[in-house]
Q: 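Supplied in structure tokens, the structure appears directly below.
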Amino acid sequence: MNAVYLAQDPTLADFGRDPWWLVLGKIVFAFVVAVLATLLGVWFERRVVGRMAVRPGPNQAGPFGLLQTLADGLKLAFKEDLLPRTADKVVFFFAPVISVVCAITALSVIPFGPMVSIFGHRTPLQVTDVPVAVLVVLALSSLAVYGIVLGGWASGSTYPLLGGLRSAAQLVSYEVTMGLSVVAVFMTAGTMSTSGIVAAQGDGTRLSIGGFEVPAPGWYALLLLPSFIMFFIAIVGETNRAPFDLPEAESELVAGFQTEYSSLKFALFMLSEYVAMVTMSAFTVTLFLGGWHAPWPITSIWAGANSGWWPMLWFFGKVVMLVFVFVWLRGTLPRLRYDQFMRFGWKVLLPINLVWILVLAGLRSIEDWDSRSKLIAVGIPAGILLLATLLWPSRKQQPKPTVQEQVNDRPHGSFPLPPMDLQVPPSPRTRRVVAEREPANIAAGPDSREV
């Protein structure tokens, strides 16, 4: 009976009943996860990118180079802490702290597992949960950019200021796409609670097609595939990761918003970046990949896969898989231009997301109709869309203007052009006759041999 209870999904009623020491333990656990995410994340990224670039990566300090990141952190702590003369000292100090606090706080509403027993107390493996927990994560993600913007402004330098402005524009552009992608999850799960969304993905969905019940996967990454793809693209832009790391593009902004930072302040910015990457990966697992529930082959073989402490293994395994995708993108794709990045967010992702939400809302509104009415309601718009796609007039390619037309279209006052019929005389060297040489026939000596 105890095992059955521990395998249950937590609800909102299960929170707020823990003793103070258990709440404190959960908070410390979330903080330790954030710190370890930075230490192991930097090592993991350097090893994976090194493998992709056919080089070893860090492999000297500790087994497999695991202590290299710790050594780099200690080195940063003992470096000289520089403060620009024109910087705002208070804001310059607190800017990286804001980014770190927002990234770590977002882990408080992420469910790591089901109900477990800790020293006789049944409690969910989650710090807390609220009816609008997803909005809490979105709000903290929006607030985290203030650390970058304020850090760039308080540095009193041009390049950091431009990096902070880029980060603000980047947030506005991709926060809209991320929010619309989450709307599809709200509509399907019927709740904004993170534990409720994970519970909604625990059981497989059954679809009614032609009067027959067809089993379907419960993960929203498959049921809401367009939302999952656009959400993941948006979080890559939100976390300033390559190929969207434009606020710190060294090709035109040196190091961007963190150009003037050094020592522990620079380490805090690095900590916030990797914690944000892990937090957003955990958020994606919660919304689209079933949370702490084991994947399908494991649940069909092992009935107790989702009980006890085992779900933490499945949860962190999915998180590591998404972090690998972050690293894979960095080691594969080149950085986009800033105009390409903004155009992609406003002219591609946003319209597609709006159309997808409209289609999903229409499908949700006809769930209670009979099969024939559903077929008519879906078939007629699909047929109209197909005909419109096939019959849509193609854009005729404009004929390329001739050279004379291009010359005539030049604005008044342009640089003079040489005559278009100018004949360049041949080079005098081409008139020289090169004597034909006869091939040299040299007899092979007695010591010659084929090599």
Side-chain angles (χ1 to χ4, degrees), residues 41 45 98-99 102-103 106 134-135 137-149 151-152 160 162-185 221 224-253 255-258 269-270 272-289 319 322-354 356-357:
E45 181 173 18
I98 294 174
S99 296
C102 291
V134 175
L135 299 184
V137 179
L138 294 179
L140 290 171
S141 174
S142 302
L143 288 174
V145 76
Y146 279 95
I148 296 176
V149 174
L162 292 176
L165 293 177
R166 277 191 179 186
S167 183
Q170 186 166 320
L171 170 79
V172 173
S173 302
Y174 282 77
E175 188 82 15
V176 178
T177 299
M178 186 168 68
L180 289 176
S181 302
V182 175
V183 168
V185 177
L224 307 173
L225 183 61
S227 294
F228 172 66
I229 295 175
M230 289 183 285
F231 180 84
F232 192 79
I233 294 174
I235 65 172
V236 175
E238 283 282 309
T239 53
N240 298 330
R241 294 284 303 179
F244 300 153
D245 54 340
L246 297 169
E248 47 184 293
E250 68 273 5
S251 56
E252 65 266 20
L253 295 182
F257 61 91
Q258 56 189 7
F269 269 128
M270 179 180 291
S272 65
E273 175 183 341
Y274 282 90
V275 173
M277 181 174 64
V278 173
T279 301
M280 283 302 169
S281 298
F283 192 42
T284 307
V285 170
T286 301
L287 294 181
F288 293 98
L289 298 179
V319 171
L322 289 181
V323 171
F324 171 77
V325 177
F326 273 95
V327 177
W328 192 2
L329 291 176
R330 176 173 182 174
T332 305
L333 299 179
R335 180 183 291 125
L336 275 70
R337 291 202 321 262
Y338 190 67
D339 60 316
Q340 294 174 332
F341 174 72
M342 300 299 287
R343 186 187 307 115
F344 181 68
W346 287 108
K347 294 187 176 181
V348 178
L349 292 181
L350 184 58
I352 293 177
N353 219 329
L354 289 172
W356 166 242
I357 292 297

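FYI, the numbering just counts along the sequence from 1.
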Q: Side chain to side chain contact (heavy atoms under 4.5 Å, CB included), that's the test. Do T286 and V134 meet it? Break it down for me.
A: CA-CA 10 Å; T286 301; V134 175; over 6 Å; no
Q: Determine the minimum heavy-atom distance between V149 and A168, stating which atoms define it.
A: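 Shortest heavy-atom separation between V149 and A168 comes out as CG2-CB, 3.9 Å.
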Q: A quick test of your reading: do over 12 heavy atoms of other residues, nucleotides or ligands sit less than 6.0 Å from OH of Y146?
A: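 Count not over threshold, so no.
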Q: Once you round to the nearest 0.5 Å, how far does CG of L349 lie from CG of L354?
A: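 Rounded to the nearest 0.5 Å, the CG-CG separation comes to 11.0 Å.
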Q: Residues two or more places apart in sequence or in another chain: which of them pass ring pair (Phe, Tyr, Trp, His ring centres under 6.0 Å) with F341?
A: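 Partners of F341 by the ring pair (Phe, Tyr, Trp, His ring centres under 6.0 Å) criterion, ordered by chain and then number, come out as Y174, F244.
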Q: Do the side chain of T279 and the main chain of A103 share a donor and acceptor less than 3.5 angstrom apart?
A: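 Yes; judged by distance alone, with no hydrogens or angles, the pair exists.
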Q: Can you give me the closest heavy-atom contact between S167 and V145, atom names plus distance?
A: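 Scanning both residues completely, I find the closest heavy atoms to be OG-CG2, 3.2 Å.
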Q: Only pairs at least two apart or in different chains count here, so list each salt bridge (charged side-chain N to carboxylate O under 4.0 Å, His left out) that has a residue in residues 162-171.
A: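 For residues 162-171: R166-E252.
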Q: Given side chain to side chain contact (heavy atoms under 4.5 Å, CB included), test N240 with I148 step by step and report yes or no.
A: CA-CA 10 Å; N240 298 330; I148 296 176; 3.2 Å; yes
Q: Of all residues at least two apart in sequence or in a different chain, which pass the side chain to side chain contact (heavy atoms under 4.5 Å, CB included) check with V172?
A: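 Result, side chain to side chain contact (heavy atoms under 4.5 Å, CB included) vs V172: W346.
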Q: Checking S227 now: which residues fulfil side-chain hydrogen bond (donor to acceptor under 3.5 Å, both in side chains) with it, not counting sequence neighbours?
A: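 Partners of S227 by the side-chain hydrogen bond (donor to acceptor under 3.5 Å, both in side chains) criterion, ordered by chain and then number, come out as W356.
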Q: Does S181 have any side-chain hydrogen bond (donor to acceptor under 3.5 Å, both in side chains) partners at least two apart in sequence or in another chain, and if so, which?
A: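 Partners of S181 under the side-chain hydrogen bond (donor to acceptor under 3.5 Å, both in side chains) test: N353.
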Q: Just do the side chain to side chain contact (heavy atoms under 4.5 Å, CB included) check on F232 and V236 with the steps written out, would you?
A: CA-CA 6 Å; F232 192 79; V236 175; 4.0 Å; yes
Q: When rounded to the nearest 0.5 angstrom, what is the spacing between CD1 in I235 and OG in S281?
A: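 Going from CD1 on I235 over to OG on S281, the span is 5.5 Å.
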Q: Supply the atom-to-atom distance Q170 CD to L165 CG, rounded to the nearest 0.5 angstrom.
A: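 Rounded to the nearest 0.5 Å, the CD-CG separation comes to 12.5 Å.
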Q: Ignoring hydrogens, what is the shortest heavy-atom contact between C102 and L143? Give both atom names and the distance.
A: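 Looking at all heavy atoms of both residues, the closest pair is SG-CB, 3.7 Å.
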Q: Calculate, to the nearest 0.5 Å, the distance between atoms CG and CG belonging to L135 and L140 respectively.
A: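 That separation rounds to 11.0 Å.
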Q: For residues Y338 and A169, report the shortest heavy-atom separation together with the two atoms involved.
A: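 Distance-wise, the nearest heavy atoms are OH-CB, 3.1 Å.
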Q: Report the residues that fulfil side chain to side chain contact (heavy atoms under 4.5 Å, CB included) with V285, sequence neighbours left out, ordered by chain and then residue number.
A: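 Only L289, F315, K318, V319, L322 meet the side chain to side chain contact (heavy atoms under 4.5 Å, CB included) criterion with V285.
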Q: Show every salt bridge (charged side-chain N to carboxylate O under 4.0 Å, His left out) that has at least one partner inside residues 273-286, sequence neighbours left out.
A: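 Applying salt bridge (charged side-chain N to carboxylate O under 4.0 Å, His left out) to every pair that reaches into residues 273-286, excluding sequence neighbours, yields R241-E273.
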Q: Which heavy-atom pair separates G164 from F257 by the least distance, and what is that distance?
A: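 Taking every non-hydrogen atom into account, N-CB, 4.2 Å.
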Q: Could you tell me which residues satisfy ring pair (Phe, Tyr, Trp, His ring centres under 6.0 Å) with F231, sequence neighbours excluded, listed by chain and number?
A: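 F283, F288.
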Q: With sequence neighbours excluded, what pairs up with F324 under the ring pair (Phe, Tyr, Trp, His ring centres under 6.0 Å) test?
A: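 Listed in chain order: W328.
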Q: Mind jotting down which residue pairs meet the salt bridge (charged side-chain N to carboxylate O under 4.0 Å, His left out) criterion with at least one end in residues 171-184? Sequence neighbours excluded, please.
A: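 Listed by first then second residue: nothing to list.
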Q: In Å, rounded to the nearest 0.5 Å, how long is the span from CG of L329 to CG of D245?
A: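 L329 CG to D245 CG: 11.0 Å, rounded to 0.5 Å.
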Q: Taking only residues two or more places apart in sequence or in another chain, which ones pass salt bridge (Lys or Arg N to Asp or Glu O under 4.0 Å) with E238?
A: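 So E238 forms no salt bridge (Lys or Arg N to Asp or Glu O under 4.0 Å) with any residue.
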Q: Would a distance-only check, ignoring hydrogens and angles, find a side-chain to backbone donor-acceptor pair under 3.5 Å from T284 to M280?
A: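 Side chain of T284 to backbone of M280, a donor-acceptor pair under 3.5 Å: yes, one is there.
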Q: Can you list everything that forms a ring pair (Phe, Tyr, Trp, His ring centres under 6.0 Å) with F344? Sequence neighbours excluded, please.
A: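 With neighbours one apart ignored, the set is empty.
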